[in-house]
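A short worksheet on the structure shown next.
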Amino acid sequence: MDLTHRPRRLRQDRVRGLVSETSLEPSDLIAPVFVDATTDERRPIESMPGHERVPIAESVARVEDVLETGVEAVMLFGIPESKDPEGTRAWAEDGVVQEALRRITSETDAYVITDVCLCEYTDHGHCGPLEEELRSESGVAADGPACEPTMTVDNDATLAALEKIAASHARAGADMVAPSGMMDGMVGAIRSALDREGFANVPIMSYAAKYESAFYGPFRDAADGAPTFGNRRHYQMDPANAREAMREVRLDAEQGADVMMVKPALSYLDIISSVRREFDHPVAAYNVSGEYAMLHAAAEKGWLDLEAVATESLLSIKRAGADLILTYFAEDIAKQL
Ligand SMILES: [Zn+2]
């Protein structure tokens with residue numbers, strides 16, 4: 001057979017590395033770390049095999065475990081000793097993240113990014129203080145008799161809290177802050193607060209396009225952040241929308257975000273790819289807890305090869321255009337690379 005085009009020529013073992021378009025490096029990965037002020041011992045998280053919540057005293061040891069695998073960056077989440085309607089422990093100087101940060105940044109070389117949100121700190125589990133809102137059955141605000149009052153997050157009151165949280169994290173040594181609450185104007189508010197406090201060099205990684213996703217389930221176990229009523233659709237994005245994600249990213253770019261995140265990753269590869277095409281910023285993707293848990297569950301049943309599917313999914317996220325990936329697989333995959 002006289003074939004001009006035989007793409008198989010380049011799939012032979014000795015050449016495939018040379019023509020490979022995408023590579024995965026430990027330095028692309030960020031490992032989530034959960035620090036829990038309510039416990040004295042490391043506690044495994046059932047729905048996220050291999051992950052645990054650690055007490056403040058173990059936070060340095062936990063980060064050292066991560067660094068040993070070759071991963072250089074961690075994302076810190078805190079579970080406070082107490083919660084209230086305003087989430088005041090989120091910006092306490094002796095709060096769980098602040099205490100852990102001071103230890104981790106003075107005792108390790110890890111690059112520490114902090115989650116800036118209120119859902120783990122409010123007793124109702126929403127991403128900010130609440131306000132009453134009148135909405136009709138269809139969800140459109142109106143004042144006819146069909147309306148009943150519902151609660152939603154007070155956007156502008158939340159901005160003031162986010163400013164305090166970000167500044168307190170920076171004072172405790174955060175290398176980068178990552179606001180995740182999808183409040184309008186959050187990046188601009190945090191940028192000016194950091195600049196005002198003398199932290200002009202602390203970058204912001206914005207959860208720019210964060211969807212109201214069912215794939216977050218296991219995280220809520222991990223961080224105790226499930227809303228006690230309702231859902232987060234008033235502030236997180238509708239999974240049906242792609243153009244709106246570009247608008248969200250554009251607004252964050254205008255407000256000075258340094259890195260743009262898309263969350264979740266695997267069901268939103270089209271969004272990652274569009275952000276990569278339309279913006280010059282580094283793009284981050286959050287390979288979320290549900291994406292981790294479902295591969296583990298299938299592997300436990302013997303249906304999938306865990307390491308192979310984990311590597312293939314991370315590769316797909318990079319191929320779509322992500323520069324950095326937050327993933328619960330970070331440590332396991334970095335060890336294999
Ligand atoms: Zn939140």
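None of the values given here were measured: they were computed from a predicted structure. Hydrogens, waters and symmetry mates are skipped; everything else that's a heavy atom, side chains included, is used. Numbering of ligands and ligand atoms starts at 1, following listing order.
Around the Zn ion (ligand 1), the protein atoms of type N, O or S that sit closer than 2.8 Å are Cys117 SG, Cys119 SG, Cys127 SG.
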Can you give the donor-acceptor pairs under 3.5 Å from side chains of residues 308-327 to other protein atoms, not counting sequence neighbours?
residue : atom : partner : partner atom : Å
Thr311  : OG1  : Glu307  : O            : 2.7
Ser313  : OG   : Val309  : O            : 2.6
Ser313  : OG   : Ala310  : O            : 3.4
Ser316  : OG   : Ser313  : O            : 2.7
Lys318  : NZ   : Ser23   : O            : 2.9
Lys318  : NZ   : Asp28   : OD2          : 2.9
Asp323  : OD2  : Arg276  : NH1          : 2.8
Asp323  : OD2  : Val283  : N            : 2.7
Thr327  : OG1  : Asn287  : OD1          : 2.8
Thr327  : OG1  : Phe329  : N            : 3.0

Table please: side-chain donor-acceptor pairs of residues 330-337 below 3.5 Å, with sequence neighbours left out.
residue : atom : partner : partner atom : Å
Glu331  : OE1  : Arg62   : NH1          : 3.2
Glu331  : OE2  : Arg62   : NH2          : 2.8
Gln336  : NE2  : Asp332  : O            : 3.4

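Cation-pi geometry between Lys263 and Phe215 is not met at under 6.0 angstrom from the ring centre and within 45 degrees of the axis.
For Glu278 and Arg250, the salt-bridge test passes: some basic side-chain N is under 4.0 Å from an acidic carboxylate O. The existence of a salt bridge linking Arg196 and Glu163 is confirmed by a sub-4.0 Å separation between a basic side-chain nitrogen and an acidic carboxylate oxygen.
For Tyr121, the ring pair (Phe, Tyr, Trp, His ring centres under 6.0 Å) test picks out no residue, with sequence neighbours left out.
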